Amino acid sequence: MPEKQYDFNQIEMKWHERWKDGVLFQAEENSAKPKYYVLEMLPYPSGTLHIGHIRNYTIGDALARYKRMRGFNVLHPMGWDAFGLPAENAAIANKRDPYEWTSYNIENMKRQHRRMGFSYDWSREVTTCDPEYYRWNQWFFLKMLERGLAYRKQALVNWCAECGTVLANEQVVDGCCWRHESIPVEQRALEQWFLRITSYADELLSAIKELEAGWPERVLVMQRNWIGRSEGAEIDFHLEGSGKPIRVFTTRVDTIYGATCVILAPEHPLVAELASSDLKPQVKHMIDARAAKGPGDVEKAGLFTGKYAVNPYSGEKIPIWIGNFVLMGYGTGAIMAVPAHDERDFEFCSQYHIAIRPVIRPVDGALADAATIKDAFTDDGIVESSGLYSGLASAEARRVMTAKAVAEGFGKGAVTFRIKDWGISRQRYWGTPIPVVHCAKCGIVPVPEKDLPVVLPLGIAITGKGRSPLENVPEFVNVKCPKCGGDARRETDTMDTFIDSAWYFYRYCDAHNSSAPFDSKKIAYWFPIDQYIGGVEHAILHLIYSRFWTKMMRDLGLITNSEPVERMFTQGMVIKDGAKMSKSKGNVVSADQMIERFGADTGRLFELFAAPPEKEMDWTDAGANGAYKFLSRVYRLVTRNVGAVGGAGEGDRKVQRKLNQTIKKITEDFESRWHFNTSIAALMEFLNLLEEHEKQVSGAVMADVLEKLALLLGPFAPYLAEELWEEQGRQGPLFHQTWPAYDPDLAREEEAEIVIQVNGKVRGRIFVAFGTPREALEKHAIGDAKIAALLDGKQVVKVIVVPDKLVNIVVK
RNA sequence: GCCCGGGUGGCGAAAUCGGCAGACGCAAAGGACUUAAAAUCCUUUUUCCGGCAACGGGAGUGUGGGUUCAAGUCCCACCCCGGGCACCA
């Protein structure tokens with residue numbers, strides 16, 4: 001009789017049908033079982049599932065299946081994020097209701113996920129492009145507005161001409177839009193809405209310490225750099241004549257006696273007052289030149305104002321310059337230049353022949369000579385030539401000098417952050433409308449909570465560029481003021497969709513709540529997320545926003561956790577032809593092709609086998625065939641041995657030993673490093689051995705082996721595992737079975753293989769019982785005929801014995 | 001420039017605590033089965049030298065040093081690749 005062949009199509013479709021409406025993971029709060037919340041980052045509803053996504057999902061899915069089999073109550077939800085939709089695609093948006101279009105996309109995507117056999121809890125699906133979700137975004141916005149965490153101001157903001165909208169600082173990559181990597185971002189002065197993320201800057205930074213155990217270091221480093229805290233002082237220099245203060249920020253007050261000029265950013269408000277009318281065009285040119293050059297290296301340039309400032313400590317009069325390297329957006333937009341102790345100031349002052357005056361000497365060295373100085377000395381040291389502060393150590397001088405500034409009212413200690421407030425206004429159609437109206441009489445008036453959600457009007461024309469398309473929709477824009485009842489205009493900016501992703505995982509826990517964003521009790525049960533999985537590209541975007549949002553919600557009294565994610569795993573990107581695979585690049589390899597050819601099980605098995613998950617991976621489908629071959633062999637082996645009489649049992653011990661070793665290996669891989677590639681290699685080794693000894697295994701042992709084999713396969717090839725489980729006549733689903741335990745005694749090899757080295761080179765090997773004492777091993781090794789021959793005529797200097805492992809004989 | 005990763009066969013990789021380098025797989029070559037092909041199975045496959053062969057010997061984890069009985073693994077210096085930050089005062 002011919003063997004049954006592995007027909008993945010038939011098997012996968014069968015289980016696909018059975019699982020279609022069933023929820024495999026139904027997770028309940030207050031279960032007696034330990035909870036486990038695993039989440040893959042940001043599923044996108046548009047387009048097709050591509051290999052990069054598959055990688056993301058399979059890691060989380062395999063982990064969730066494993067945890068469930070270990071008795072954990074697993075919340076492994078599927079949700080949808082609004083961004084990534086063809087939102088700005090006029091042709092589509094003009095014709096469709098965005099909400100309907102979203103559900104259409106989601107249904108498509110869901111079908112594909114089901115086809116892949118992913119085990120999400122479908123009952124918890126969350127759609128962020130949905131009036132119900134908008135309601136809660138708007139609700140949060142109003143809460144923040146009340147508390148001054150949301151505000152509107154005129155500011156220089158990033159503008160992407162291609163998107164036709166403003167972007168947050170975090171969304172600018174190398175001076176370009178994160179979605180259009182070759183389009184430089186312009187600076188525009190606009191009235192915009194901001195969230196005061198800076199009021200959490202200190203906590204966002206200090207709490208990083210608590211994340212160190214579970215987050216990748218590189219993500220934390222990126223966040224630290226991004227937040228960029230620096231401690232120093234703000235000091236007023238005084239304009240000669242009027243005495244008007246010019247406030248500078250410095251981290252090195254101790255060097256202030258070495259300050260030889262004050263430099264203003266070209267955009268600094270004082271420039272208008274100080275610069276002569278001949279100078280003003282040059283200043284404008286300086287600003288334009290810098291903008292045109294982009295963020296790369298712009299050569300330093302300066303303009304002398306002809307005015308002077310007075311150093312509040314020394315009373316010295318120093319020139320005021322305008323410098324293109326001074327940033328208006330950081331500190332106070334003005335600096336004191338200390339060329340002897342700052343590399344940038346050194347470069348600038350050398351270029352313009354401004355005096356260089358050393359005032360700090362190394363602890364064990366001498367003060368540099370102003371005439372011959374070649375480099376700035378930027379370390380702390382001993383303060384010199386600085387009046388009554390001379391002789392103090394830098395740190396002490398900073399303390400004393402700051403205290404003096406405070407006492408005399410010309411300065412203070414100050415902390416400056418690099419992170420700025422989160423600009424959330426977007427001039428897009430597709431996003432949560434910002435729930436305020438502008439009334440000529442009452443100013444900015446929040447939409448009352450009872451009138452939420454403010455929804456998007458349908459059937460509008462997407463104009464594309466410049467202004468929100470909502471401005472052209474009179475029935476949306478023209479409203480009555482909620483306060484005075486007079487005519488008013490509705491805000492037409494919509495929210496950044498990163499707001500949606502900042503808290504979507506909270507909504508998962510209570511997806512259908514219509515009276516609150518979620519029930520706090522449910523959050524208390526599930527949060528923080530035990531394991532989050534996603535790409536590193538969100539390190540300073542999504543991951544920082546959601547940390548901020550969590551702290552904000554905590555301060556509103558909604559939740560008790562201060563951090564959303566306990567452990568974060570950043571999987572390596574999938575590279576295709578040298579470029580990161582992504583929708584915007586369009587270099588996507590669709591999973592459909594692989595599913596069609598080899599099936600979903602093969603696809604995910606191959607994907608996990610190709611490389612450890614944290615590693616970047618070059619996409620190639622060469623080798624998928626190997627995974628398919630492996631599954632076919634498993635299928636044939638199981639089906640031909642189910643219910644077979646079995647052999648005499650002389651192979652039992654060998655097979656059982658390897659089985660227990662395999663269970664041990666895979667269990668350890670799941671518990672610690674998630675190197676699924678080695679888990680799968682172990683399964684392959686086991687299959688190789690089992691096939692070799694198939695005929696010598698007794699029926700009883702074979703039955704046990706086949707059961708365990710199906711269970712071990714479960715997280716990697718769920719359809720096939722389920723089929724094999726049923727094939728063996730066992731009660732399903734396999735998914736709810738217990739993960740197999742291993743017996744350490746059965747896993748142990750009978751004999752230890754001892755490597756014998758002579759001068760560190762392997763010269764032979766012997767088999768001995770485990771636990772053979774050192775002396776016996778040494779004797780055994782030296783007595784070995786081959787070794788004895790090598791030792792002949794040599795003098796044994798030393799013998800190293802590592803029990804159960806090796807003997808190394810050192811000779812002369 | 002600074003801060004993280006990384007560099008191992010033709011390829012993807014393994015070696016988890018300093019103890020046999022290359023597990024597992026791909027590709028390739030040869031063979032079995034077949035009218036043929038596919039599928040399947042078997043053999044070889046880091047490299048060099050010797051041997052008909054079993055086998056024996058040398059070299060080998062980016063480069064150069066070092067520690068050690070023993071180094072892919074630890075230390076020092078350097079080269080290359082990837083990523084992040086970069087006038088942040």
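Chain identifiers are assigned alphabetically (A, B, ...) following the order of the sequence lines, protein sequences preceding nucleic acid strands; residue numbering begins at 1 within each chain. Keep in mind that the numbers below use all heavy atoms, side chains included, and drop hydrogens, waters and symmetry copies. Please read all numbers here as calculations on a predicted model, not as lab measurements.
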Distance check: side-chain N/O of [X] vs OP1/OP2 of [N], anything under 4.0 Å?
X: A:Lys629; N: B:C26; result: yes
X: A:Asn688; N: B:G25; result: yes
X: A:Lys805; N: B:C20; result: no
X: A:Ser230; N: B:A89; result: yes
X: A:Asn677; N: B:A14; result: yes
X: A:Lys761; N: B:A59; result: yes

To the nearest 0.5 Å, tell me how far A:Thr662 OG1 sits from A:Arg657 CZ. 12.0 Å
Which part of the nucleic acid, if any, lies within contact of [X], taking any heavy atom under 4.0 Å across all strands shown: a base, the sugar-phosphate backbone alone, or nothing?
X: A:Val338; value: nothing
X: A:Phe348; value: nothing
X: A:Glu347; value: nothing
X: A:Gly228; value: nothing
X: A:Arg636; value: sugar-phosphate
X: A:Arg218; value: sugar-phosphate
X: A:Lys300; value: base
X: A:Arg224; value: nothing

Does A:Arg765 make a side-chain donor-acceptor contact with the base of B:C20, cut-off 3.5 Å? yes
Tabulate below the donor-acceptor pairs under 3.5 Å that side-chain atoms of residues 625-632 of chain A make, not counting sequence neighbours, or state none.
residue: A:Ser632; atom: OG; partner: A:Tyr628; partner atom: O; Å: 2.8

Is [Y] paired with [X] through a side-chain N to carboxylate O contact shorter than 4.0 Å?
X: A:Glu694; Y: A:Arg640; result: yes
X: A:Glu778; Y: A:Arg774; result: no
X: A:Asp254; Y: A:Arg252; result: yes
X: A:Glu614; Y: A:Arg218; result: no

If [N] has a Watson-Crick or G-U wobble mate with both distances under 3.5 Å, name it; if not, just say none.
N: B:G72; result: none
N: B:G5; result: B:C81
N: B:A59; result: B:U46
N: B:U67; result: none
N: B:C24; result: B:G12
N: B:C41; result: B:G31

Is there a side chain to side chain contact (heavy atoms under 4.5 Å, CB included) between A:Arg547 and A:Ile208 once you walk through the steps? CA-CA 10 Å; A:Arg547 290 185 62 217; A:Ile208 283 177; 3.7 Å; yes
Using residues 320-329 of chain A as the side-chain source, report each donor-acceptor pair under 3.5 Å to any protein atom, sequence neighbours left out, with the distance given to one decimal.
residue: A:Asn324; atom: OD1; partner: A:Ala301; partner atom: N; Å: 2.8
residue: A:Asn324; atom: ND2; partner: A:Glu299; partner atom: O; Å: 2.9

Kindly say whether the aromatic ring centers of A:Phe410 and A:Phe237 come within a distance under 6.0 Å. no
Is the distance between the ring centroids of A:Phe249 and A:Phe417 under 6.0 Å? no
Nearest whole Å is fine: how far is [N] [atom2] from [X] [atom1]?
X: A:Ile680; N: B:A14; atom1: CD1; atom2: P; value: 12 Å
X: A:Trp674; N: B:A13; atom1: CH2; atom2: P; value: 20 Å
X: A:Met222; N: B:G83; atom1: CE; atom2: P; value: 12 Å
X: A:Leu637; N: B:C41; atom1: CG; atom2: P; value: 12 Å
X: A:Asn625; N: B:A27; atom1: CG; atom2: C1'; value: 11 Å
X: A:Met684; N: B:A14; atom1: CE; atom2: C1'; value: 13 Å
X: A:Leu220; N: B:C4; atom1: CG; atom2: P; value: 13 Å
X: A:Glu685; N: B:A13; atom1: CD; atom2: P; value: 19 Å

Taking [M] as the reference, what is the distance to [N] when you measure between their [atom1] atoms (whole Å, please)?
N: B:G19; M: B:A70; atom1: C1'; answer: 7 Å
N: B:C4; M: B:C11; atom1: P; answer: 30 Å
N: B:U8; M: B:U63; atom1: C1'; answer: 15 Å
N: B:A39; M: B:C81; atom1: P; answer: 41 Å
N: B:U73; M: B:G66; atom1: P; answer: 15 Å
N: B:A77; M: B:U45; atom1: C1'; answer: 38 Å

Short heteroatom pairs, N/O only, protein and nucleotides 64-74 of chain B, under 3.5 Å:
residue: B:C69; atom: OP1; partner: A:Lys798; partner atom: NZ; Å: 3.2
residue: B:C69; atom: O2'; partner: A:Asn808; partner atom: ND2; Å: 3.3
residue: B:C69; atom: O2; partner: A:Asn808; partner atom: ND2; Å: 2.6

Among [options], which nucleotide has an atom closest to any side-chain atom of [X]?
X: A:Lys786; options: B:G84, B:G56, B:A23; result: B:G56
X: A:Ala610; options: B:C87, B:G12, B:A13; result: B:G12
X: A:Glu616; options: B:C24, B:G82, B:A89; result: B:G82

Syn-anti status, with the boundary at 90° from 0, for the nucleotide B:G62: anti
Assigned chi class of B:C41 under the 90° convention is anti
